[in-house]
K.L.:
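Before we start, here is the structure in question, set down as structure tokens.
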Amino acid sequence: MRHLLSIEDLTRDDIERILDRAAAFEEVSHRDIKKVPALRGRTVLNLFYEASTRTRSSFELAAKRLSADVVNFAASGSSVEKGESLKDTVLTLTAHSPDAIVIRTPYAGAAALVASWTTAAIVNAGDGKHEHPTQALLDVHTLRQKLGSLEGRNIWIVGDVAHSRVARSNILAFRKMGADVTVCGPPTLIPRGIEALGCDVRYDLDDLREADVVYALRMQHERMDQHFVPSLREYAANYQINGRRLGPRQVLMHPGPVNRGVELSGEVVDSPQAVITMQVKSGVVVRMGVLYEVLAGARDERSAPQPTEPQLA
Ligand code: NCD
């Protein structure tokens with residue numbers, strides 16, 4: 001695979017291959033020296049035009065654990081503040097000959113655009129409200145570890161679906177892995193036509209108990225240009241996942257950052273049902289799997305007909 005731009009481009013086989021590699025990398029995190037030479041001599045450029053805690057740190061760690069050289073670039077503090085465009089920034093940094101560029105921007109479609117300006121492999125780390133494919137992959141990985149197969153599982157995605165790239169990528173990935181997906185939120189935060197992605201739509205939590213997995217989303221204020229709910233208090237009254245609404249056998253997920261007291265109550269964030277820190281852990285191995293796939297996977301496929309294990313030695 002040359003780039004990872006969206007879940008839409010992946011088949012179920014692609015997802016399984018990347019996640020099987022991620023699982024094989026799991027063992028590296030338990031070593032004293034958490035490194036394998038798989039990407040030695042390669043350069044990974046992390047280009048972040050938006051705030052990020054989990055995604056940025058885990059891409060950096062993933063590249064370093066594969067022995068790649070890493071250049072971290074954040075738009076704030078760079079020449080972007082002096083008016084340099086995305087294209088000129090990419091062309092400038094391409095002069096450092098990166099093998100892969102991991103990019104997060106507030107613009108839908110930017111990752112695909114960058115792919116047309118450089119020969120580096122592009123990994124989309126979130127483009128506006130379009131897609132966040134590595135988040136979806138790490139969520140599938142977390143659920144495979146927690147539940148085994150996703151086949152026939154019932155997953156509810158609750159909250160601000162309209163402004164969420166995570167929702168879009170996750171609906172597509174969960175469906176490809178055989179799960180049934182329901183999105184739920186106030187009508188103003190559920191985009192019209194979302195059923196076309198293969199999910200059901202609900203506007204209240206009355207049947208939440210039918211879910212095996214409850215996946216809560218943050219209110220994405222930074223992408224709202226008007227008021228979509230009367231108040232956060234009213235939103236929480238109708239849609240907050242709390243101890244009263246979450247059943248004892250349901251798995252609770254959230255991509256982070258959590259706004260405690262809004263989409264989730266503090267008690268459920270801290271409950272054993274929450275796998276939120278497990279999702280963050282999955283982020284490192286899954287991004288190792290993705291970087292390996294775009295930088296070394298193709299070479300592997302040419303030399304070995306059935307690649308299953310990454311070269312760990
Ligand atoms: C998400 C994002 O930035 O898309 N966070 C993440 O990458 N883990 C979701 C969010 O910001 O709410």
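In listed order, ligands and their atoms are each counted from 1.
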K.L.:
Is there a donor in the side chain of T142 and an acceptor in the side chain of D139, or the other way round, less than 3.5 Å apart?
P.N.:
no
K.L.:
T55 heavy atoms, cut-off 4.0 Å: which ligand 1 atoms fall inside?
P.N.:
6 (C), 7 (O)
K.L.:
Between F48 and R104, is there a cation-pi geometry (under 6.0 Å to ring centre, at most 45° from the normal)?
P.N.:
no
K.L.:
Near P257, which atoms of ligand 1 are under 4.0 Å from a heavy atom of that residue?
P.N.:
10 (C), 11 (O)
K.L.:
Testing the 3.5 Å rule here: is there a donor-acceptor pair between the side chains of N124 and E131?
P.N.:
no
K.L.:
Check ligand 1 against Q135 and write out every atom of the ligand that is under 4.0 Å from a heavy-atom position of the residue.
P.N.:
6 (C), 7 (O), 8 (N)
K.L.:
Ligand 1 versus E263, non-hydrogen atoms closer than 4.0 Å: side chain, backbone, both, neither?
P.N.:
neither
K.L.:
How about E267 and N242: does a side-chain donor come under 3.5 Å of a side-chain acceptor?
P.N.:
no
K.L.:
Please identify which atoms of ligand 1 are closer than 4.0 Å to at least one heavy atom of V166.
P.N.:
1 (C), 4 (O), 9 (C)
K.L.:
Does either side chain, that of T134 or that of R287, offer a donor lying less than 3.5 Å from an acceptor on the other one?
P.N.:
yes
K.L.:
Are any side-chain N or O atoms of Q250 and backbone N or O atoms of A211, one a donor and one an acceptor, separated by less than 3.5 Å?
P.N.:
yes
K.L.:
Just going by heavy-atom distances, which of A216, G256, S58, G126 is nearest to atom 1 (C) of ligand 1?
P.N.:
G256
K.L.:
Could you name the option among R54, R218, H132 that has the heavy atom nearest to atom 7 (O) of ligand 1?
P.N.:
H132
K.L.:
Compare R165, Q220, E50 and give the one whose heavy atom is closest to atom 3 (O) of ligand 1.
P.N.:
R165
K.L.:
Can you check whether P255 has an N/O within less than 3.5 Å of an N/O in ligand 1?
P.N.:
yes
K.L.:
Answer with yes or no whether the hydrophobic clustering places L45 together with F59; edges join I, L, V, M, F, W, Y residues whose side-chain heavy atoms lie under 4.5 Å apart.
P.N.:
no
